[in-house]
Each structure stands twice: as structure tokens, then as C-alpha cells.
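One-based numbering along the sequence shown.
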Amino acid sequence: MPNERKKDGKKNNYIINIEHLNKQFLVDKKPVQVLSDINLHINRGEFITIVGHSGCGKSTLLKIMCGLIDYEDGIVERNGHTVAGPGPKCGMVFQDHRLLPWLKIKDNVGFGLKGLSKTEREKNVQKHLELVGLKGFENSYPAQLSGGMSQRAAIARGLANNPSILLLDEPFGALDALTRIQMQKEILRIQQEEKTTMVMVTHDIDEAIYLGNRIIVMSARPGRIMEIINVNPVDGRNRGSAGFAAYKKRIYDYFFENTTEEAYTKNIM
């Protein structure tokens, strides 16, 4: 069971606070360590990106933040309270948009809205469709939209409850390169406009640099935080800058260090 915070009279102001988090899964009835001693503190309004190899526990970490899965020990808090399950102030967007094919886009976006009058609900839905650039597609069905447009609808649905936190699990992974770059620009614009705290898992190093105020670099399983990189927004938003290239090499070296040199050495020996 997760640990309870000790009553030391101190209270942090982090919107997400994770201390000494560990997570295991049972595989063939044997425990497999997925996350090991994760410590992460996220400030309100930050855009955090997480990079690492497949299977290192990135998505598991995101789902723990959301309250979708439990963990063995450690502390996981949202807004100063222990995470005990999903909540309306923490939205999540997945790689697959997961729109309901039998509902119109406006009904997909408003699906989770509760306690609002019909007028308030329609106003909220329209606001968020306009925010993601889908004005005029309210009565379309998911099958009538492109992949990028479907992801826009999924983001609108994630934002419709006005969450303080939006978690994004590889939301642009299935998109073509040009659409992906456009969606990166859009999610950054939305984050800056709405002031929502966002945490995104990605395999794309360029995407992690472009979007993140800070980049969490994780090791292979069991996932540990190897480094937290603070990104200068001037360099991070300019893909052609020397600063951007330096960030890219810094991250790249964690996963592919000496790969070229070792291959060259083997070929000449």
C-alpha cells in the first residue's frame, strides 16, 4: 500500500508531487519491477515531457499520476492530496483518440460533463472545439475526421472539464510528420492560453525539447529518472538553433552513447 505523508507540519505547493515511488507488475506470477524510486515535483502551469525506451514505465508513471493504476509504495499527490483514483481535475489523452464512433464530435467532447444545464454544456463544448480548431465539425462523426482532427477532438474532450492537469500519453505518435509538428504547435498554444499543467510521454526527442519546460529522461526498466533537464525556451522553440541541437545530443547520448564508435571499432578489428 502507498505510504501516507508524515505529519511534519510542512506542505508543498507542487501540483504533482511524487516521492520514492515504486511499481511492480506480476508476470507469470513473478514480480517485475517497472518503476524504481521515482522522485518528481511538478509546478503549476509547467509543461513536462518524459522520454525513455519502450517498456521503461513512462506510461505506467502517467497512469499512476492519473489514478488509473495503483503502486506499491511511495507518495503520489495531486494538489496536495494523495492520489486515490481518477478525478475531474485531471484529464488524460491517449495515443488512440478513443472517440466513441456512434457519437457526433460535439457529443464525444461533452461526454464526461456532469451537472451542467444543456445550455452550459453546449457552450462549454463549443468553446473547446473552437480552442482546438474544430469549429464547424460539431456534427461530424469520428470516421469522417483525419487522424490529426480526431486527436484535436480527444484533446478538447480532455480539456472540457477544465482540468488543472492534462496528461498526454504519446498523443501524436500515430500521426505523419507534418501533422505531428502542427499538433505540437497547437498543444503548446493551448497550454499557454489555458495555463493547464501538462505532462506528456513521448519517444520523440525533438518533441520533448520543443514542448517541455523540463524533460524527464528515464532509464530502461526498471524505470529510474536519470536526469531532469531544464529547457531554455528560446533554444527549445527553435529547432534549428545550436541550443536545440545541444539538448538533442545530451538526451541522445543517454540512449545511444558510443553506438557509432563501437560499431566502427568492430568493423576495423
Side-chain angles (χ1 to χ4, degrees), residues 14-16 42-49 62-68 77-81 83-175 179-180 182-201 211 213:
Y14 302 120
I15 193 167
I16 297 175
I42 299 175
N43 297 306
R44 191 174 302 275
E46 278 195 292
F47 201 132
I48 299 295
T49 52
L62 215 62
K63 290 174 184 176
I64 289 173
M65 291 182 197
C66 191
L68 294 175
E77 298 173 329
R78 292 194 310 256
N79 291 306
H81 301 284
V83 173
K89 291 304 178 183
C90 184
M92 189 155 183
V93 178
F94 298 89
Q95 182 173 352
D96 179 355
H97 57 73
R98 303 191 183 187
L99 299 176
L100 300 175
W102 58 88
L103 292 182
K104 295 178 179 179
I105 294 304
K106 64 181 181 181
D107 297 319
N108 266 287
V109 172
F111 186 76
L113 296 177
K114 307 294 182 184
L116 298 179
S117 68
K118 182 179 179 181
T119 301
E120 290 174 326
R121 182 177 180 275
E122 289 176 351
K123 185 177 180 180
N124 185 304
V125 168
Q126 189 61 36
K127 171 192 171 184
H128 287 94
L129 284 173
E130 291 180 11
L131 183 68
V132 300
L134 287 180
K135 182 179 180 180
F137 293 90
E138 299 87 345
N139 294 309
S140 301
Y141 288 92
Q144 297 174 307
L145 301 185
S146 67
M149 294 171 75
S150 296
Q151 281 303 91
R152 289 172 186 263
I155 291 167
R157 182 178 57 188
L159 291 168
N161 270 314
N162 298 311
S164 54
I165 301 165
L166 186 65
L167 308 174
L168 304 112
D169 190 3
E170 289 266 16
F172 310 141
L175 304 179
T179 303
R180 183 169 190 152
Q182 184 59 38
M183 289 299 298
Q184 290 167 5
K185 293 179 179 178
E186 285 298 302
I187 197 67
L188 190 60
R189 176 187 63 80
I190 291 167
Q191 194 266 343
Q192 292 173 345
E193 185 173 329
E194 296 291 289
K195 309 300 181 186
T196 307
T197 303
M198 294 191 182
V199 185
M200 177 187 283
V201 161
L211 294 175
N213 301 127

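In this structure a side-chain-to-backbone donor-acceptor pair under 3.5 Å is present from N213 to F47. Judged purely by atom type and a 3.5 angstrom limit, R44 has no side-chain atom pairing as donor or acceptor with the backbone of K195. Between the side chain of E46 and the main chain of V199, no donor-acceptor pair closer than 3.5 Å is present.
Closest approach of L99 to A153, counting heavy atoms only: CD1-CB, 3.9 Å. Across V93 and P171, no two heavy atoms sit closer than the pair CG1-CB, 4.1 Å. The two residues C66 and V83 have their closest heavy-atom pair at C-CG1, 4.4 Å. Of all heavy-atom pairs spanning L100 and N108, the tightest one is N-OD1, 2.7 Å.
Between E186 and R189 there is a salt bridge, since a side-chain N of the basic residue sits under 4.0 Å from a carboxylate O of the acidic one.
Residues in residues 144-159 take part in no side chain to side chain donor-acceptor pair (under 3.5 Å) pair, two or more places apart or across chains.
Remark: of the listed residues N43, I42, N79, N43 is the sole one forming a side-chain contact (heavy atoms from CB on, under 4.5 Å) with Y14.
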Less than 3.5 Å apart, which donor and acceptor atoms pair up between the side chains of residues 124-134 and the rest of the protein, not counting sequence neighbours?
| residue | atom | partner | partner atom | Å |
| --- | --- | --- | --- | --- |
| N124 | OD1 | H128 | ND1 | 3.0 |
| N124 | ND2 | A160 | O | 3.1 |
| Q126 | NE2 | E130 | OE2 | 3.3 |
| Q126 | NE2 | E138 | OE2 | 2.9 |
| H128 | ND1 | N124 | O | 2.9 |
| H128 | NE2 | L159 | O | 3.1 |

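With 3.5 Å as the limit, one finds a donor-acceptor pair spanning the side chains of K106 and N139.
Other residues, nucleotides and ligands place more than 12 heavy atoms under 6.0 Å from the NZ atom of K89. By the 6.0 Å contact criterion, CZ on F94 is enclosed, its count of non-hydrogen atoms from other residues, nucleotides or ligands being greater than 12.
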